[in-house]
Engineer: 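Quick one: the structure is below, and I'll ask about it shortly.
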Amino acid sequence: MKFQQQSSSLLNNLKMFVYDLPPKYNTIWLQNERCSTHLFASEVAIHRALLTSKVRTFDPYEADFFFVPVYVSCNFSAVNGFPAIGHARSLIASAVKLISEEYPFWNRSRGSDHVFVASHDFGSCFHTLEDVAIADGVPEIMKNSIVLQTFGVIHKHPCQEVENVVIPPYVSPGSVRKTMEKAPLNGRRDIWVFFRGKMEVHPKNVSGRFYSKKVRTVIWRKFNGDRRFYLRRHRFSGYQSEIARSVFCLCPLGWAPWSPRLVESVALGCVPVVIADGIRLPFSSAVNWSDISVTVAEKDVGRLAEILEHVAATNLSKIQRNLWDPRTKRALLFNNHVHEGDATWQLLHALSEKLGRSYSSSRVSRQLEIDT
(Lines give C-alpha, C1' and ligand atoms only; values in the text may rest on other atoms or scores of the structure.)
Protein backbone atom coordinates (compact mmCIF):
# COMPACT_ATOMS: atom_id res chain seq x y z
CA MET A 1 0.00 0.00 0.00
CA LYS A 2 2.85 2.40 0.80
CA PHE A 3 4.19 1.99 -2.77
CA GLN A 4 0.76 2.84 -4.24
CA GLN A 5 0.29 5.87 -1.96
CA GLN A 6 3.69 7.28 -2.92
CA SER A 7 3.02 6.56 -6.60
CA SER A 8 -0.39 8.23 -6.47
CA SER A 9 1.22 11.32 -4.99
CA LEU A 10 3.80 11.40 -7.79
CA LEU A 11 1.13 11.00 -10.46
CA ASN A 12 -0.95 13.81 -8.98
CA ASN A 13 1.89 16.19 -9.89
CA LEU A 14 2.83 14.63 -13.25
CA LYS A 15 1.83 16.57 -16.37
CA MET A 16 1.68 15.07 -19.87
CA PHE A 17 0.98 16.95 -23.10
CA VAL A 18 -0.50 14.81 -25.88
CA TYR A 19 0.22 16.09 -29.38
CA ASP A 20 -2.87 16.43 -31.57
CA LEU A 21 -1.45 14.94 -34.75
CA PRO A 22 -3.28 14.67 -38.09
CA PRO A 23 -5.34 11.44 -38.43
CA LYS A 24 -2.86 9.85 -40.85
CA TYR A 25 -0.55 9.25 -37.88
CA ASN A 26 -3.08 7.47 -35.69
CA THR A 27 -6.89 7.48 -35.84
CA ILE A 28 -7.21 6.78 -39.57
CA TRP A 29 -5.75 3.33 -38.87
CA LEU A 30 -8.74 2.56 -36.61
CA GLN A 31 -10.83 2.01 -39.72
CA ASN A 32 -9.51 -1.53 -39.36
CA GLU A 33 -11.03 -2.87 -36.12
CA ARG A 34 -8.00 -5.08 -35.50
CA CYS A 35 -5.89 -1.96 -34.94
CA SER A 36 -7.29 -1.54 -31.42
CA THR A 37 -7.52 -5.22 -30.45
CA HIS A 38 -4.42 -7.10 -31.66
CA LEU A 39 -1.37 -7.88 -29.51
CA PHE A 40 0.47 -4.66 -30.53
CA ALA A 41 -2.52 -2.42 -29.69
CA SER A 42 -1.02 -0.93 -26.53
CA GLU A 43 -0.03 2.02 -28.75
CA VAL A 44 -3.76 2.70 -29.22
CA ALA A 45 -4.82 1.92 -25.64
CA ILE A 46 -2.17 4.18 -24.09
CA HIS A 47 -3.15 7.07 -26.36
CA ARG A 48 -6.85 6.67 -25.53
CA ALA A 49 -6.22 6.45 -21.80
CA LEU A 50 -3.99 9.53 -21.77
CA LEU A 51 -6.60 11.64 -23.54
CA THR A 52 -8.89 11.43 -20.50
CA SER A 53 -6.23 11.05 -17.83
CA LYS A 54 -5.79 13.46 -14.92
CA VAL A 55 -2.13 13.80 -15.89
CA ARG A 56 -3.02 15.31 -19.26
CA THR A 57 -2.39 19.02 -19.60
CA PHE A 58 -3.51 21.26 -22.44
CA ASP A 59 -0.76 23.74 -21.58
CA PRO A 60 2.47 22.40 -23.10
CA TYR A 61 4.54 24.92 -21.15
CA GLU A 62 3.68 23.17 -17.87
CA ALA A 63 4.18 19.64 -19.24
CA ASP A 64 6.79 17.28 -17.86
CA PHE A 65 6.51 14.93 -20.84
CA PHE A 66 5.16 15.03 -24.38
CA PHE A 67 3.39 12.01 -25.87
CA VAL A 68 3.74 11.48 -29.63
CA PRO A 69 0.78 9.29 -30.71
CA VAL A 70 1.91 7.47 -33.84
CA TYR A 71 0.34 4.08 -34.59
CA VAL A 72 2.86 2.03 -36.54
CA SER A 73 1.48 -1.49 -36.03
CA CYS A 74 -1.86 -1.27 -37.86
CA ASN A 75 -0.60 -1.61 -41.42
CA PHE A 76 -1.67 -5.22 -41.86
CA SER A 77 -0.05 -7.25 -44.61
CA ALA A 78 -2.38 -8.27 -47.44
CA VAL A 79 -0.35 -11.48 -47.81
CA ASN A 80 -0.46 -12.96 -44.30
CA GLY A 81 -2.60 -10.53 -42.29
CA PHE A 82 0.23 -9.77 -39.83
CA PRO A 83 1.20 -6.21 -38.85
CA ALA A 84 3.69 -4.79 -41.35
CA ILE A 85 5.91 -2.11 -39.79
CA GLY A 86 8.15 -1.28 -42.73
CA HIS A 87 6.63 2.22 -42.80
CA ALA A 88 7.30 2.89 -39.10
CA ARG A 89 10.54 4.85 -39.39
CA SER A 90 9.28 7.20 -42.09
CA LEU A 91 5.96 7.76 -40.28
CA ILE A 92 7.71 8.64 -37.01
CA ALA A 93 10.25 10.85 -38.78
CA SER A 94 7.40 12.69 -40.46
CA ALA A 95 5.62 13.20 -37.11
CA VAL A 96 8.81 14.53 -35.48
CA LYS A 97 9.38 16.91 -38.38
CA LEU A 98 5.84 18.21 -37.94
CA ILE A 99 6.01 18.79 -34.16
CA SER A 100 9.51 20.27 -34.31
CA GLU A 101 8.35 22.80 -36.90
CA GLU A 102 5.07 23.70 -35.20
CA TYR A 103 6.15 23.60 -31.55
CA PRO A 104 9.36 24.60 -29.71
CA PHE A 105 9.40 21.69 -27.26
CA TRP A 106 11.19 19.00 -29.28
CA ASN A 107 14.11 21.25 -30.16
CA ARG A 108 14.60 22.73 -26.69
CA SER A 109 15.16 19.28 -25.11
CA ARG A 110 16.32 17.46 -28.27
CA GLY A 111 13.39 15.11 -27.67
CA SER A 112 14.55 13.85 -24.26
CA ASP A 113 11.15 14.43 -22.65
CA HIS A 114 9.17 13.03 -25.59
CA VAL A 115 7.52 9.62 -25.32
CA PHE A 116 6.82 7.07 -28.09
CA VAL A 117 5.31 3.59 -28.11
CA ALA A 118 7.02 0.68 -29.92
CA SER A 119 4.79 -2.27 -29.07
CA HIS A 120 6.08 -4.87 -31.50
CA ASP A 121 8.72 -7.61 -31.72
CA PHE A 122 12.00 -5.72 -31.32
CA GLY A 123 10.60 -2.43 -30.11
CA SER A 124 12.48 0.70 -31.05
CA CYS A 125 14.46 -1.07 -33.80
CA PHE A 126 11.21 -1.40 -35.81
CA HIS A 127 11.77 -4.73 -37.49
CA THR A 128 10.31 -8.19 -36.90
CA LEU A 129 13.54 -10.13 -37.46
CA GLU A 130 16.26 -9.72 -34.88
CA ASP A 131 19.31 -9.68 -37.14
CA VAL A 132 17.79 -6.94 -39.33
CA ALA A 133 16.58 -5.06 -36.23
CA ILE A 134 20.07 -5.16 -34.75
CA ALA A 135 21.64 -4.00 -38.01
CA ASP A 136 19.18 -1.10 -38.28
CA GLY A 137 19.32 -0.14 -34.59
CA VAL A 138 17.25 2.60 -32.98
CA PRO A 139 16.42 5.43 -35.44
CA GLU A 140 18.77 8.35 -34.88
CA ILE A 141 15.84 10.73 -34.48
CA MET A 142 14.54 8.77 -31.43
CA LYS A 143 17.80 8.00 -29.64
CA ASN A 144 17.37 10.82 -27.15
CA SER A 145 13.70 10.09 -26.36
CA ILE A 146 11.79 7.65 -24.14
CA VAL A 147 10.31 4.54 -25.73
CA LEU A 148 7.58 2.39 -24.19
CA GLN A 149 8.30 -1.02 -25.67
CA THR A 150 7.30 -4.64 -25.22
CA PHE A 151 10.83 -5.79 -26.02
CA GLY A 152 13.22 -6.08 -23.10
CA VAL A 153 16.19 -8.27 -22.17
CA ILE A 154 18.52 -8.19 -19.21
CA HIS A 155 21.64 -8.13 -21.36
CA LYS A 156 23.01 -5.42 -23.63
CA HIS A 157 21.05 -5.20 -26.88
CA PRO A 158 20.97 -2.56 -29.66
CA CYS A 159 17.17 -2.42 -29.56
CA GLN A 160 17.12 -1.09 -26.02
CA GLU A 161 19.96 1.41 -26.41
CA VAL A 162 17.46 4.18 -25.74
CA GLU A 163 15.74 5.30 -22.55
CA ASN A 164 12.89 2.80 -22.30
CA VAL A 165 10.13 1.31 -20.19
CA VAL A 166 9.13 -2.33 -20.75
CA ILE A 167 5.36 -2.57 -21.08
CA PRO A 168 3.09 -5.62 -21.45
CA PRO A 169 1.64 -6.63 -24.82
CA TYR A 170 -2.01 -5.78 -25.32
CA VAL A 171 -4.72 -8.18 -24.23
CA SER A 172 -8.32 -6.98 -24.29
CA PRO A 173 -9.72 -6.56 -20.76
CA GLY A 174 -13.17 -7.17 -22.23
CA SER A 175 -12.20 -10.59 -23.58
CA VAL A 176 -10.68 -11.52 -20.22
CA ARG A 177 -13.86 -10.47 -18.38
CA LYS A 178 -16.06 -12.54 -20.69
CA THR A 179 -13.86 -15.60 -20.23
CA MET A 180 -13.83 -15.21 -16.44
CA GLU A 181 -17.62 -14.95 -16.31
CA LYS A 182 -17.74 -18.51 -17.62
CA ALA A 183 -14.67 -19.83 -15.79
CA PRO A 184 -13.70 -18.25 -12.43
CA LEU A 185 -10.02 -18.25 -11.40
CA ASN A 186 -10.47 -20.92 -8.75
CA GLY A 187 -12.65 -23.10 -10.96
CA ARG A 188 -11.87 -26.60 -12.24
CA ARG A 189 -8.57 -26.85 -14.15
CA ASP A 190 -8.56 -30.10 -16.09
CA ILE A 191 -5.63 -29.25 -18.41
CA TRP A 192 -2.24 -29.72 -16.76
CA VAL A 193 0.01 -28.02 -19.35
CA PHE A 194 -1.37 -25.88 -22.18
CA PHE A 195 0.00 -24.30 -25.33
CA ARG A 196 -1.73 -23.27 -28.52
CA GLY A 197 0.32 -21.54 -31.19
CA LYS A 198 2.88 -21.85 -33.93
CA MET A 199 4.98 -25.00 -33.50
CA GLU A 200 6.90 -25.89 -36.63
CA VAL A 201 7.82 -29.51 -37.10
CA HIS A 202 10.80 -28.34 -39.14
CA PRO A 203 11.76 -25.00 -37.57
CA LYS A 204 13.94 -23.65 -40.38
CA ASN A 205 11.43 -21.73 -42.47
CA VAL A 206 11.75 -20.09 -45.87
CA SER A 207 13.74 -17.18 -44.45
CA GLY A 208 16.44 -19.62 -43.37
CA ARG A 209 15.97 -18.68 -39.73
CA PHE A 210 15.03 -20.89 -36.82
CA TYR A 211 11.73 -19.78 -35.34
CA SER A 212 11.63 -19.71 -31.54
CA LYS A 213 15.26 -20.91 -31.56
CA LYS A 214 13.69 -24.39 -32.07
CA VAL A 215 12.15 -24.28 -28.57
CA ARG A 216 8.57 -24.74 -29.79
CA THR A 217 9.63 -27.53 -32.12
CA VAL A 218 11.23 -29.40 -29.22
CA ILE A 219 8.05 -28.96 -27.17
CA TRP A 220 5.94 -30.43 -29.98
CA ARG A 221 8.26 -33.34 -30.74
CA LYS A 222 8.87 -34.23 -27.10
CA PHE A 223 5.43 -33.80 -25.54
CA ASN A 224 2.81 -34.04 -28.28
CA GLY A 225 2.19 -37.67 -27.30
CA ASP A 226 2.04 -36.91 -23.56
CA ARG A 227 -1.58 -36.82 -22.33
CA ARG A 228 -0.71 -34.27 -19.67
CA PHE A 229 0.26 -31.76 -22.36
CA TYR A 230 -2.57 -30.11 -24.29
CA LEU A 231 -0.71 -28.84 -27.36
CA ARG A 232 -2.41 -27.38 -30.42
CA ARG A 233 -0.78 -25.86 -33.50
CA HIS A 234 -3.83 -24.17 -35.03
CA ARG A 235 -5.63 -20.95 -34.17
CA PHE A 236 -8.89 -21.01 -32.18
CA SER A 237 -10.72 -17.78 -31.36
CA GLY A 238 -11.93 -19.11 -28.01
CA TYR A 239 -8.53 -20.26 -26.78
CA GLN A 240 -8.75 -18.09 -23.64
CA SER A 241 -11.31 -20.60 -22.34
CA GLU A 242 -8.56 -23.22 -22.60
CA ILE A 243 -6.17 -21.02 -20.60
CA ALA A 244 -8.83 -20.70 -17.89
CA ARG A 245 -8.96 -24.50 -17.65
CA SER A 246 -5.18 -24.93 -17.40
CA VAL A 247 -2.75 -25.22 -14.48
CA PHE A 248 0.43 -24.34 -16.39
CA CYS A 249 0.55 -22.22 -19.56
CA LEU A 250 3.68 -22.34 -21.68
CA CYS A 251 5.04 -18.93 -22.72
CA PRO A 252 7.94 -19.71 -25.06
CA LEU A 253 9.70 -17.09 -27.13
CA GLY A 254 8.68 -16.57 -30.76
CA TRP A 255 10.83 -14.32 -32.92
CA ALA A 256 11.14 -12.06 -29.87
CA PRO A 257 11.29 -13.18 -26.21
CA TRP A 258 7.96 -11.67 -25.09
CA SER A 259 4.50 -13.09 -25.71
CA PRO A 260 0.87 -12.04 -25.11
CA ARG A 261 0.50 -15.41 -23.38
CA LEU A 262 2.32 -13.90 -20.40
CA VAL A 263 -0.53 -11.45 -19.84
CA GLU A 264 -3.33 -13.86 -20.74
CA SER A 265 -1.99 -16.52 -18.38
CA VAL A 266 -1.73 -14.11 -15.45
CA ALA A 267 -5.14 -12.56 -16.17
CA LEU A 268 -6.83 -15.98 -16.30
CA GLY A 269 -5.03 -17.57 -13.36
CA CYS A 270 -2.84 -20.04 -15.24
CA VAL A 271 0.77 -20.26 -14.01
CA PRO A 272 2.96 -18.82 -16.79
CA VAL A 273 5.94 -20.98 -17.69
CA VAL A 274 8.42 -18.49 -19.13
CA ILE A 275 10.79 -20.02 -21.69
CA ALA A 276 12.82 -17.09 -23.02
CA ASP A 277 16.38 -16.70 -21.78
CA GLY A 278 17.24 -13.22 -20.56
CA ILE A 279 13.77 -11.73 -20.92
CA ARG A 280 13.10 -8.50 -19.01
CA LEU A 281 9.50 -8.67 -17.81
CA PRO A 282 7.23 -5.62 -17.51
CA PHE A 283 6.56 -3.63 -14.33
CA SER A 284 8.73 -5.69 -11.97
CA SER A 285 8.15 -3.13 -9.18
CA ALA A 286 4.44 -4.02 -9.20
CA VAL A 287 4.48 -7.64 -10.38
CA ASN A 288 6.58 -10.13 -8.42
CA TRP A 289 7.21 -12.39 -11.39
CA SER A 290 9.30 -14.90 -9.44
CA ASP A 291 6.33 -15.47 -7.10
CA ILE A 292 3.71 -16.03 -9.81
CA SER A 293 5.52 -17.86 -12.59
CA VAL A 294 7.95 -20.65 -13.42
CA THR A 295 11.07 -19.96 -15.48
CA VAL A 296 12.59 -22.72 -17.61
CA ALA A 297 15.86 -22.25 -19.50
CA GLU A 298 15.63 -22.79 -23.25
CA LYS A 299 18.21 -25.60 -23.02
CA ASP A 300 16.02 -27.41 -20.45
CA VAL A 301 12.79 -27.38 -22.43
CA GLY A 302 13.06 -31.14 -22.97
CA ARG A 303 12.76 -31.55 -19.19
CA LEU A 304 9.49 -29.60 -18.91
CA ALA A 305 7.47 -32.50 -17.52
CA GLU A 306 10.03 -33.22 -14.81
CA ILE A 307 10.35 -29.53 -13.85
CA LEU A 308 6.59 -28.94 -13.66
CA GLU A 309 6.00 -32.14 -11.72
CA HIS A 310 8.45 -30.84 -9.10
CA VAL A 311 6.63 -27.49 -8.93
CA ALA A 312 3.27 -29.22 -8.61
CA ALA A 313 4.60 -31.34 -5.75
CA THR A 314 6.19 -28.47 -3.84
CA ASN A 315 4.91 -24.91 -4.17
CA LEU A 316 2.12 -24.82 -6.78
CA SER A 317 -0.57 -23.77 -4.28
CA LYS A 318 1.55 -20.83 -3.10
CA ILE A 319 2.24 -19.71 -6.67
CA GLN A 320 -1.47 -19.86 -7.49
CA ARG A 321 -2.43 -17.81 -4.42
CA ASN A 322 0.07 -15.13 -5.44
CA LEU A 323 -1.09 -15.29 -9.06
CA TRP A 324 -4.75 -14.78 -8.15
CA ASP A 325 -4.09 -11.46 -6.39
CA PRO A 326 -6.27 -9.07 -8.45
CA ARG A 327 -3.62 -6.33 -8.24
CA THR A 328 -1.26 -8.46 -10.31
CA LYS A 329 -3.73 -8.89 -13.16
CA ARG A 330 -4.68 -5.22 -13.02
CA ALA A 331 -1.06 -4.12 -13.51
CA LEU A 332 -0.80 -5.89 -16.88
CA LEU A 333 -4.06 -4.82 -18.54
CA PHE A 334 -4.61 -1.58 -20.46
CA ASN A 335 -7.99 0.15 -20.19
CA ASN A 336 -9.58 2.93 -22.23
CA HIS A 337 -9.31 5.15 -19.13
CA VAL A 338 -6.52 5.11 -16.55
CA HIS A 339 -7.45 3.03 -13.50
CA GLU A 340 -5.22 3.15 -10.44
CA GLY A 341 -2.76 0.29 -10.64
CA ASP A 342 -3.49 -0.68 -14.26
CA ALA A 343 -0.92 -0.88 -17.06
CA THR A 344 -1.13 2.78 -18.12
CA TRP A 345 -0.95 3.85 -14.47
CA GLN A 346 2.17 1.68 -14.07
CA LEU A 347 3.93 3.24 -17.05
CA LEU A 348 3.06 6.72 -15.80
CA HIS A 349 4.65 5.78 -12.49
CA ALA A 350 7.75 4.64 -14.39
CA LEU A 351 7.84 7.98 -16.22
CA SER A 352 7.48 9.88 -12.93
CA GLU A 353 10.83 8.35 -11.95
CA LYS A 354 12.41 9.89 -15.07
CA LEU A 355 11.54 13.53 -14.34
CA GLY A 356 15.22 14.39 -14.65
CA ARG A 357 14.74 14.09 -18.41
CA SER A 358 11.97 16.70 -18.38
CA TYR A 359 13.02 20.16 -19.54
CA SER A 360 10.25 21.74 -17.48
CA SER A 361 11.02 19.85 -14.26
CA SER A 362 14.77 20.30 -14.63
CA ARG A 363 14.33 24.05 -15.07
CA VAL A 364 12.23 24.23 -11.87
CA SER A 365 14.85 22.20 -10.00
CA ARG A 366 17.63 24.46 -11.22
CA GLN A 367 15.68 27.55 -10.13
CA LEU A 368 15.09 26.07 -6.67
CA GLU A 369 18.82 25.41 -6.31
CA ILE A 370 19.56 29.02 -7.27
CA ASP A 371 16.94 30.34 -4.83
CA THR A 372 18.33 28.34 -1.93
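Quantities reported herein were computed from a predicted structural model and do not represent experimental measurements.
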Engineer: Between Tyr103 and Tyr19, is the ring centre distance below 6.0 Å?
Structural biologist: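 Centroid separation for Tyr103 and Tyr19: below 6.0 Å.
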
Engineer: Side-chain contact test, heavy atoms from C-beta onward, threshold under 4.5 Å: evaluate it for Leu348 versus Met16 and give yes or no.
Structural biologist: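 Yes, their side chains come closer than 4.5 Å.
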
Engineer: Indicate yes or no for a side-chain donor-acceptor contact from Asn164 to the backbone of Val162 under 3.5 Å, with no hydrogens or angles considered.
Structural biologist: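 Pair found, side chain donor or acceptor close to backbone of Val162.
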
Engineer: Specify the closest pair of heavy atoms between Met180 and Lys329, including all atoms of both residues, with the distance to one decimal.
Structural biologist: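 Heavy atoms of Met180 and Lys329 come nearest at SD-NZ, 3.2 Å.
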
Engineer: Taking the six-membered ring for Trp, are the ring centroids of Trp29 and His87 within less than 6.0 Å of each other?
Structural biologist: yes

Engineer: For the side chain of Glu298 and the backbone of Val215, is there at least one donor-acceptor N/O pair under 3.5 Å apart?
Structural biologist: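 Checked: no pair found.
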
Engineer: Is the centre of the Phe283 ring less than 6.0 Å from the centre of the His349 ring?
Structural biologist: no

Engineer: Could you tell me which non-hydrogen atom of Leu91 sits nearest to which non-hydrogen atom of Lys24, and how far apart they are?
Structural biologist: CD1-O, 4.2 Å

Engineer: Mind telling me whether Phe229 and Phe223 have parallel, tilted or perpendicular rings, with 30° and 60° as the class edges?
Structural biologist: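 The rings of Phe223 and Phe229 lie parallel, inter-plane angle below 30°.
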
Engineer: Take atom NZ in Lys354; do more than 12 heavy atoms of anything else shown fall under 6.0 Å from it?
Structural biologist: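 For Lys354, atom NZ is crowded (more than 12 foreign heavy atoms under 6.0 Å).
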
Engineer: Taking all non-hydrogen atoms of both residues, which atom of Lys15 and which atom of Thr57 are closest, and how far apart?
Structural biologist: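 Smallest interatomic distance, heavy atoms only, reads CB-CG2, 4.0 Å.
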
Engineer: Under a 4.0 Å N-O cut-off, is there an ion pair linking Arg245 with Asp190?
Structural biologist: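 Looking at Arg245 and Asp190, the cut-off is met.
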
Engineer: Taking the six-membered ring of Phe195 as reference, does the NZ or CZ atom of Arg232 fall below 6.0 Å from its centre and within a 45° cone about the axis?
Structural biologist: no

Engineer: Check whether Phe122 and Ile154 end up in the same hydrophobic cluster, where Ile, Leu, Val, Met, Phe, Trp and Tyr are linked by side-chain heavy atoms less than 4.5 Å apart.
Structural biologist: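 Hydrophobic grouping puts Phe122 apart from Ile154.
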
Engineer: Centroid-to-centroid, Phe67 to Phe65, below 6.0 Å?
Structural biologist: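 No; Phe65 has its ring centre 6.0 Å or more from that of Phe67.
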
Engineer: Salt bridge check: are Arg196 and Glu242 linked by an N-O gap of less than 4.0 Å?
Structural biologist: yes

Engineer: Check whether Phe17 and Val96 end up in the same hydrophobic cluster, where Ile, Leu, Val, Met, Phe, Trp and Tyr are linked by side-chain heavy atoms less than 4.5 Å apart.
Structural biologist: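 Hydrophobic grouping puts Phe17 with Val96.
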
Engineer: State plainly whether one hydrophobic cluster holds both Leu30 and Val72, where clusters connect Ile, Leu, Val, Met, Phe, Trp and Tyr through side-chain heavy atoms under 4.5 angstrom apart.
Structural biologist: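 In one cluster: yes.
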
Engineer: Is Lys213 positioned over the aromatic face of Phe210, cation under 6.0 angstrom from the ring centre and no more than 45 degrees off axis?
Structural biologist: no

Engineer: In terms of ring plane angle, is the pair Phe66 and His114 parallel, tilted or perpendicular, where the classes change at 30° and 60°?
Structural biologist: parallel

Engineer: Which atom names give the shortest non-hydrogen contact between Ser42 and Val117, and what distance separates them?
Structural biologist: OG-CG1, 4.3 Å

Engineer: Would you please say whether a donor-acceptor pair under 3.5 Å links the side chains of Tyr170 and Thr37?
Structural biologist: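 Thr37 and Tyr170 do not have a side-chain donor-acceptor pair below 3.5 Å.
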
Engineer: Main chain of Ser175, side chain of Ser172: is a donor-acceptor contact present, judged purely on distance under 3.5 Å?
Structural biologist: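 Confirmed, Ser172 side chain pairs with Ser175 backbone.
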
Engineer: Check whether Trp192 reaches the backbone of Val247 with its side chain - one donor and one acceptor, N or O, closer than 3.5 Å.
Structural biologist: no

Engineer: With a 6.0 Å cut-off (strictly less than), is the heavy-atom count around CG of Asp131, excluding the residue itself, greater than 12?
Structural biologist: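 Yes, CG of Asp131 has more than 12 neighbouring heavy atoms, counting only those of other groups under 6.0 Å.
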
Engineer: Would you tell me whether Asn224 and Arg233 have side-chain atoms, one donor and one acceptor, within less than 3.5 Å of each other?
Structural biologist: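 Asn224 vs Arg233: no donor-acceptor pair found between side chains.
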
Engineer: Could you tell me whether the side chains of Ser124 and Gln149 share a donor-acceptor contact shorter than 3.5 Å?
Structural biologist: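 Looking only at side-chain atoms, Gln149 and Ser124 do form a donor-acceptor pair, the distance falling under 3.5 Å.
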
Engineer: Listed by chain and number, what are the side chain to side chain contact (heavy atoms under 4.5 Å, CB included) partners of Val153, not counting sequence neighbours?
Structural biologist: Phe151, His155, His157, Gln160, Pro257

Engineer: With a cut-off of 6.0 Å (strictly less than), are more than 12 heavy atoms of other residues, nucleotides or ligands near CZ of Arg110?
Structural biologist: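 It does not: Arg110 CZ has 12 such atoms or fewer within range.
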
Engineer: For residues Leu21 and Ile85: do they belong to one hydrophobic cluster (side chain heavy atoms under 4.5 Å, members Ile, Leu, Val, Met, Phe, Trp, Tyr)?
Structural biologist: no

Engineer: Taking all non-hydrogen atoms of both residues, which atom of Leu50 and which atom of Thr344 are closest, and how far apart?
Structural biologist: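 So the minimum-distance heavy-atom pair works out to CD2-CG2, 4.5 Å.
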
Engineer: Just do the salt bridge (Lys or Arg N to Asp or Glu O under 4.0 Å) check on Glu140 and Lys143 with the steps written out, would you?
Structural biologist: CA-CA 5 Å; Glu140 195 66 35; Lys143 283 187 174 178; 3.3 Å; yes

